[in-house]
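Per chain, numbering begins at 1; letters A, B, ... match sequence-line order. Heavy atoms only: backbone and side chains are in, while hydrogens, waters and symmetry mates are out.
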There are 2 protein chains.
Amino acid sequence: MATQTAPQRRASERERFDAYLATCPARKLLDRISDKWVSLLLNALADGPRRYSELSRTLAGVSQKMLTQTLRTMERDGLVARTVTPAVPVRVDYALTPLGASLLPIMTAIKAWAETHIHEVDEAQAAYDAGRF
Amino acid sequence: MATQTAPQRRASERERFDAYLATCPARKLLDRISDKWVSLLLNALADGPRRYSELSRTLAGVSQKMLTQTLRTMERDGLVARTVTPAVPVRVDYALTPLGASLLPIMTAIKAWAETHIHEVDEAQAAYDAGRF
DNA sequence: CTGCATCCTACCAGATACTG
DNA sequence: CAGTATCTGGTAGGATGCAG
């Protein structure tokens, strides 16, 4: 019996690589902030707590499913705090935790790079596309 | 005739919001670097040009489809330069452009945050999960 | 060696409707 | 008001085979 076929070997390599990626802190972080809504929520909560319905209006494009889901994930990650005020009707506020707030400088850095260089990217794209016709 | 039904209004709001997002530089950037392979390629190319096959080996888990696709996108964005050396067999090298290299500090910042705070995230997750049983 | 085209699957986001 | 539950369609991404 042969050691391993090529596909088998690649599969196991892939497995090990995935395992490695799963433990890579930088990738774990990227997977989180890269989420479409996480970055927007980080921004929306940057200058103070917001109610669920406020967030829902601010991020006009989000479905409540994704809003809830994203907030839950961020809460689980310790990025936001959820406060329920028992009343009728119920009131729920979300706020950044210190950990969540410590992410803001990074978002700012990304924003800064983007605003400085995005036109270069656009030009590169235009040039690239031009060469293809 | 009524102005708009609720679903219609939400749909058009969503449309406008999507349009806004599409023009948001920071989001455009995030969409790019958040890509699983882009960040890894940025790293792999950080200290010099690499051949296609080298990259393929370094990023053990990538399918050649994704490798090629990702490299193409990065080339289009002006982040990497592609150099073909006509020979038999063909030789293709990829290198970071200055624009691509200017992204490295951001990746470093992300990595730094991740390494500093990831254990807090892990703890938060553990605490959160513990509360649910 | 490098890369494209095709097919195929698994996952995820959105719509919708219902609950405390 | 602030969610939860379920269904479904689109799409990202892997496998495979062929080509320059």
Side-chain angles (χ1 to χ4, degrees), chain A residues 4-15 17-18 21 31-32 34-41 49-76 80-95 132, chain B residues 5-15 17-18 21 27 31-32 34-41 49-76 80-95 132:
Chain A
Q4 269 185 324
T5 62
Q8 282 175 333
R9 196 174 52 249
R10 258 186 301 130
S12 73
E13 269 173 15
R14 207 173 162 285
E15 213 170 312
F17 196 74
D18 284 350
L21 282 186
D31 280 345
R32 280 174 172 72
S34 72
D35 185 284
K36 187 176 177 181
W37 304 115
V38 170
S39 52
L40 293 169
L41 278 173
R50 290 282 182 276
R51 299 186 55 172
Y52 182 88
S53 46
E54 290 180 296
L55 293 172
S56 166
R57 272 189 298 276
T58 304
L59 290 89
V62 73
S63 64
Q64 12 135 281
K65 175 186 173 183
M66 288 318 292
L67 181 54
T68 302
Q69 193 175 102
T70 307
L71 285 167
R72 283 283 178 286
T73 308
M74 293 174 75
E75 188 193 358
R76 178 168 184 264
V80 301
R82 181 167 176 271
T83 314
V84 181
T85 309
V88 183
V90 192
R91 175 197 175 105
V92 181
D93 287 270
Y94 291 91
R132 299 185 63 89
Chain B
T5 64
Q8 283 175 333
R9 195 175 54 249
R10 259 188 300 130
S12 74
E13 268 172 17
R14 207 175 163 283
E15 214 170 311
F17 196 74
D18 283 350
L21 282 185
R27 269 245 55 81
D31 281 344
R32 280 174 173 72
S34 71
D35 185 284
K36 186 176 179 180
W37 305 115
V38 170
S39 52
L40 294 168
L41 277 174
R50 290 281 182 277
R51 297 188 55 173
Y52 182 89
S53 46
E54 289 180 296
L55 293 172
S56 167
R57 272 189 298 278
T58 304
L59 305 168
V62 73
S63 65
Q64 33 102 295
K65 177 186 174 180
M66 288 319 292
L67 181 55
T68 303
Q69 194 177 101
T70 307
L71 285 167
R72 282 286 175 285
T73 308
M74 292 174 76
E75 189 194 357
R76 179 167 183 265
V80 303
R82 181 168 176 269
T83 314
V84 182
T85 309
V88 183
V90 192
R91 175 200 175 102
V92 182
D93 287 272
Y94 291 90
R132 299 185 62 88

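The CD atom of B/Q69 sits 15 Å away from the C1' atom of D/dA15 (whole-angstrom rounding). The separation between A/L67 atom CG and D/dC1 atom P is 13 Å, rounded to whole Å. Taking atom CG on A/L40 and atom P on C/dA13, their separation rounds to 14 Å, with Å as the unit. Remark: P of C/dA13 and CG of B/D31 are 13 Å apart, rounded to the nearest angstrom. At whole-Å resolution of the value, CG in A/D35 and C1' in D/dA12 are 15 Å apart. In this structure, NZ of A/K36 is placed 9 Å from C1' of C/dA13, rounded to the nearest angstrom.
Sorted by first then second residue, the salt bridge (Lys or Arg N to Asp or Glu O under 4.0 Å) pairs that include residues 53-69 of chain B, not counting sequence neighbours, number zero. Among residues at least two apart or in separate chains, side chain to side chain donor-acceptor pair (under 3.5 Å) pairs with a member in residues 82-93 of chain A are A/R82-A/Y94, A/R91-A/D93.
Distance check: B/Q69 CD to B/R72 CZ gives 10.5 Å after rounding to the nearest 0.5 Å. A distance of 8.5 Å separates OG1 of B/T58 from CZ of A/F17, quoted to the nearest 0.5 Å.
Fit an axis to the five pairs at each end of the helix from C/dC1-D/dG20 to C/dG20-D/dC1 and the two axes sit 50° apart, to the nearest 10 degrees.
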Table of protein N/O atoms under 3.5 Å from nucleotides 2-6 of chain D N/O atoms:
| unit_1 | atom_1 | unit_2 | atom_2 | d |
| --- | --- | --- | --- | --- |
| D/dA2 | OP1 | A/R51 | NE | 3.4 |
| D/dA2 | OP1 | A/R51 | NH2 | 3.2 |
| D/dA2 | OP1 | A/V92 | N | 3.2 |
| D/dA2 | OP2 | A/S53 | N | 2.9 |
| D/dA2 | OP2 | A/S53 | OG | 2.9 |
| D/dG3 | OP1 | A/R72 | NH2 | 3.2 |
| D/dG3 | OP1 | A/R82 | NE | 3.3 |
| D/dG3 | OP1 | A/R82 | NH2 | 2.5 |
| D/dG3 | OP2 | A/Y94 | OH | 2.7 |
| D/dT4 | O4 | A/Q64 | OE1 | 2.9 |

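Considering only residues two or more places apart in sequence or on other chains, A/S56 meets the side chain to side chain contact (heavy atoms under 4.5 Å, CB included) condition with A/L67. Residues passing the side-chain hydrogen bond (donor to acceptor under 3.5 Å, both in side chains) test with B/S39 are A/R27, sequence neighbours excluded.
In terms of heavy-atom proximity, A/R51 sits nearest to A/V90 at NH2-O, 4.0 Å.
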Subject >> Chi angles and distances behind the side chain to side chain contact (heavy atoms under 4.5 Å, CB included) call for B/V62, B/L55 >> reply: CA-CA 9 Å; B/V62 73; B/L55 293 172; over 6 Å; no

